[in-house]
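Just below is one structure, and these are the notes that go with it.
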Protein chains: 2
Amino acid sequence: MNLTFRQLKVFEAVSRHLNYTNAAKELHLSQPAVSMQIKQLEEQVSIPLIEKMGKKLYLTEVGLEMQDYARSTMQQLLDLEETIAQMKSMKRGHLKLAVASTANHFVIRLLARFAKVYPKISISLDVTNRSSLLELLKKNECDLVIMGRPPEGYNLQSAPFLENPLVVVSNPHHYLADKEHVSLEELEKEDFVVREQGSGTRSAAKRFFTEHNLTFKTKMDMSNNRAIKHAAEEGLGLAIVSVHTLEIELKAKTLKILNVEGFPIFRNWYVVQREGKRLSPIAKVFNDYIIQEADNMMLNFDIPHF
Amino acid sequence: MNLTFRQLKVFEAVSRHLNYTNAAKELHLSQPAVSMQIKQLEEQVSIPLIEKMGKKLYLTEVGLEMQDYARSTMQQLLDLEETIAQMKSMKRGHLKLAVASTANHFVIRLLARFAKVYPKISISLDVTNRSSLLELLKKNECDLVIMGRPPEGYNLQSAPFLENPLVVVSNPHHYLADKEHVSLEELEKEDFVVREQGSGTRSAAKRFFTEHNLTFKTKMDMSNNRAIKHAAEEGLGLAIVSVHTLEIELKAKTLKILNVEGFPIFRNWYVVQREGKRLSPIAKVFNDYIIQEADNMMLNFDIPHF
DNA sequence: ATTATACATAAACAAAACCTTATGATAAAC
DNA sequence: GTTTATCATAAGGTTTTGTTTATGTATAAT
């Protein structure tokens, strides 16, 4: 059976008017054109849909069924058009986002604002580590990723959109905590609690030490930023973390930023996508949004500025 | 927007395989044919549905929406086909019947049997008087009508399918009730309770009297067969009614059939339709069914035979 | 009986849809 | 680098679809 939407449309008009001529007028067709469409439809289902008794037309039982079908199909088509139109205009849609766990905090703030502007957008946010993020990009399982500087050679397209100041923190009772200036020599003597191999923060810190010809004593590594901060709180060592993750700890005074020579290290947060990926309309808007709004928004953060 | 079922079908296959070549094989098409269908569909909605990244295909957000739509639309089409097939094979359908109120009783028996054979058929039964029946036929508001002999000049097609014996009944205590033979002369002296003008039973009785040169004393006329029988029970007069309506009264012995010369008058029940009406499959089957089965079935009736 | 109205049918034509083969481009696998 | 797999594009031709005009037929109204 091979119906066409056209046949259904014509049939629906005829079934409504019960009059070929008027249906033809409505559809801006000639009367025979309507006759033929109906005839073809009847051939498809090989059973009469309309019967003519005297001058009047009646729908047969199957005709009534077909009328229901035609109407529901056409309604569905309208719904589809509506949905697509909304998606195009970004009134609706779905945004699949993944962020580095260290970026979680401020990305949520960004999202909260964004969601207010586009209330019908739904969002999935995957918070995970750097290597999983790269995996997600490779499998094309998300629209955009927010992370530190992405590695070369992955066919990625990225744009920095926010400064990411890395600072050294310690337990407030640490002996360096109250010093006005901490020199690099003093820093070198300390043990550090760091993220796992592959972490952007870790490699940035490592690079800093290497560039200044210092050894970097990593006493412990952990895969979770919260755990690192907790370790520092407990006095297991110093930690080098993004200021953006410190809001609560600074407020609660469980950690203190050390005023170390050469710190903060300014790195950037990047919004990353697969090279050549055609972003969905909503993803494109979000991409532009964060590049434009992020800095602006950070002014409202209750965290130290440098 | 003017999609085609073909586009949807091809798109669905592609969205399932995420591979044009395999989809083409499934559809017994060349690969470019598939490419073109997808391209046209994308042009219709003027937004990409599929994106190719490297060698892999992915559905865009709108593509996912379209996949849902395609599937549901195709499912609906299958449902429609199924429904139509069932209607054709009479596994399903609706039968609109109207019967003369005097035929009500035995028609219900017929229907009960018929419904057992075609359990998914639904039936409307309109029980009404003769003139309403003719009106229903004229307006094409029912498939078949069961009534006495239909009048000429209404463009009707009819077939007799069951004898309708008319008998004279009275209160059991009536002085004629116990006579072995009642002559026409004796009958002529009696008063009768009859149906309204236009009733088939009434005109049959009238004809009988006229043919035998007798006067027909109609003391009272009523529009309801039950009322007539009740009047006879109460001794208001004799009544001429179809045996088929007497089952209960005979069993309860509230009425008695008089053994009158020339009675019963044999008339027929007819199944009637508009001339030229193409019956629905189920109506056609019912029509044939009652013509074939009615006599047979009456053998099981617990009523007198002649 | 005549006329008006409405659907059916036929013929002819135009447009479009659709498919195939051949070829090109790109990316992944070897 | 070469090969292989996969999709895109182009060209060509066939089929199908969709129209229109003209005409036929049946019904209902006058």
Side-chain angles (χ1 to χ4, degrees), chain A residues 1-11 13-44 48-60 63 137-140 153-156 274-278, chain B residues 1-11 13-44 48-60 63 137-140 153-156 274-278:
Chain A
M1 204 152 76
N2 198 12
L3 315 184
T4 68
F5 279 108
R6 166 138 229 156
Q7 285 164 1
L8 291 181
K9 189 161 190 179
V10 172
F11 176 78
V14 171
S15 75
R16 187 154 29 81
H17 287 105
L18 288 175
N19 179 311
Y20 284 49
T21 310
N22 294 345
K25 276 177 195 157
E26 177 183 311
L27 298 164
H28 302 290
L29 290 178
S30 64
Q31 170 261 311
V34 172
S35 284
M36 290 176 88
Q37 292 290 339
I38 300 296
K39 197 178 168 191
Q40 283 172 15
L41 185 58
E42 288 184 332
E43 270 166 24
Q44 291 294 328
L49 300 172
I50 292 178
E51 64 176 343
K52 192 186 169 189
M53 311 221 42
K55 240 175 189 172
K56 274 201 179 134
L57 298 184
Y58 300 91
L59 293 182
T60 65
L137 283 167
K138 189 177 167 197
K139 289 191 191 157
N140 197 26
Y154 273 77
N155 293 334
L156 298 174
R274 283 182 66 142
E275 200 169 74
K277 176 165 174 83
R278 270 186 301 197
Chain B
M1 202 152 75
N2 199 11
L3 315 184
T4 68
F5 279 106
R6 165 131 237 169
Q7 285 164 1
L8 291 181
K9 188 162 190 178
V10 171
F11 176 78
V14 171
S15 75
R16 187 155 28 82
H17 286 103
L18 287 175
N19 178 313
Y20 284 48
T21 310
N22 294 344
K25 276 176 196 159
E26 176 183 310
L27 299 164
H28 303 291
L29 289 177
S30 65
Q31 168 264 312
V34 173
S35 286
M36 289 173 90
Q37 292 290 337
I38 300 296
K39 198 177 169 191
Q40 282 171 16
L41 185 58
E42 288 183 331
E43 270 166 22
Q44 290 294 329
L49 300 172
I50 293 178
E51 64 175 346
K52 191 185 170 188
M53 310 222 43
K55 235 174 193 173
K56 274 202 179 130
L57 297 184
Y58 300 92
L59 293 182
T60 64
L137 283 167
K138 188 177 168 196
K139 288 191 191 155
N140 197 26
Y154 271 78
N155 293 335
L156 298 174
R274 282 181 67 140
E275 201 169 75
K277 177 166 173 81
R278 271 186 301 198

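Predicted model, so just to flag it, every value in this text is computed and none were measured. Lettering follows sequence order; numbering is per chain, from 1.
Following rounding to the nearest Å, Glu51(A) (CD) and dA8(C) (P) show an atom-to-atom distance of 12 Å. One interatomic measurement links the two molecules: OH of Tyr20(B) to P of dT6(D), which rounds to 14 Å at whole-angstrom precision. Distance Leu27(A) CG to dT20(D) P: 11 Å, rounded to the nearest Å. Rounded to a whole Å, the CD atom of Gln31(A) is 6 Å from the P atom of dC7(C). Separating the NZ atom of Lys56(B) from the P atom of dA5(D) is a distance of 17 Å, rounded to the nearest angstrom. If you measure from atom CG of Leu49(A) to atom P of dA8(C), you get 12 Å, rounded to the nearest angstrom. Residue Phe5(A) contributes atom CZ, which lies 15 Å from atom P of dA17(C) at whole-angstrom precision. Protein atom CE of Met36(B) is 12 Å distant from nucleotide atom P of dA11(D), rounded to whole Å.
With distances taken from any side-chain atom of Arg6(A) to the nucleotides dC7(C), dG18(D), dC18(C), the minimum falls on dG18(D). Considering only the side chain of Ser35(A), dT9(C) comes nearest among dT6(D), dT9(C), dT21(D). Listed candidates were dC19(C), dT20(D), dC7(C). Nearest to the side chain of Ala33(B) is dC19(C). If you check dG18(D), dC7(C), dT9(D) against the side chain of Gln37(A), the one that comes closest is dG18(D).
Across all strands, Thr21(A) comes closer than 4.0 Å only to sugar-phosphate atoms, never to a base (heavy-atom distances).
The nearest pair of heavy atoms linking Phe5(B) to Leu3(A) is CD1-O, 3.1 Å. Of all heavy-atom pairs spanning Val10(B) and Val34(B), the tightest one is CG1-CG1, 3.8 Å. Ile50(A) approaches Thr60(A) most closely through the heavy-atom pair N-CG2, 4.1 Å.
Put simply, the side chain of Gln31(B) never gets that close to the backbone of Thr21(B): no donor and acceptor are under 3.5 Å apart. At least one donor-acceptor pair closer than 3.5 Å links the side chain of Glu42(A) to the backbone N or O of Leu49(A).
Taking only side-chain nitrogens and oxygens, Ser30(B) never comes nearer than 4.0 Å to OP1 or OP2 of dC19(C). Taking side-chain N and O atoms only, Lys39(A) has no distance below 4.0 Å to OP1 or OP2 of dC7(C).
With the nearest nucleotide of DNA chain D identified for both Pro32(A) and Thr4(A), Thr4(A) has the one nearer the 5' end.
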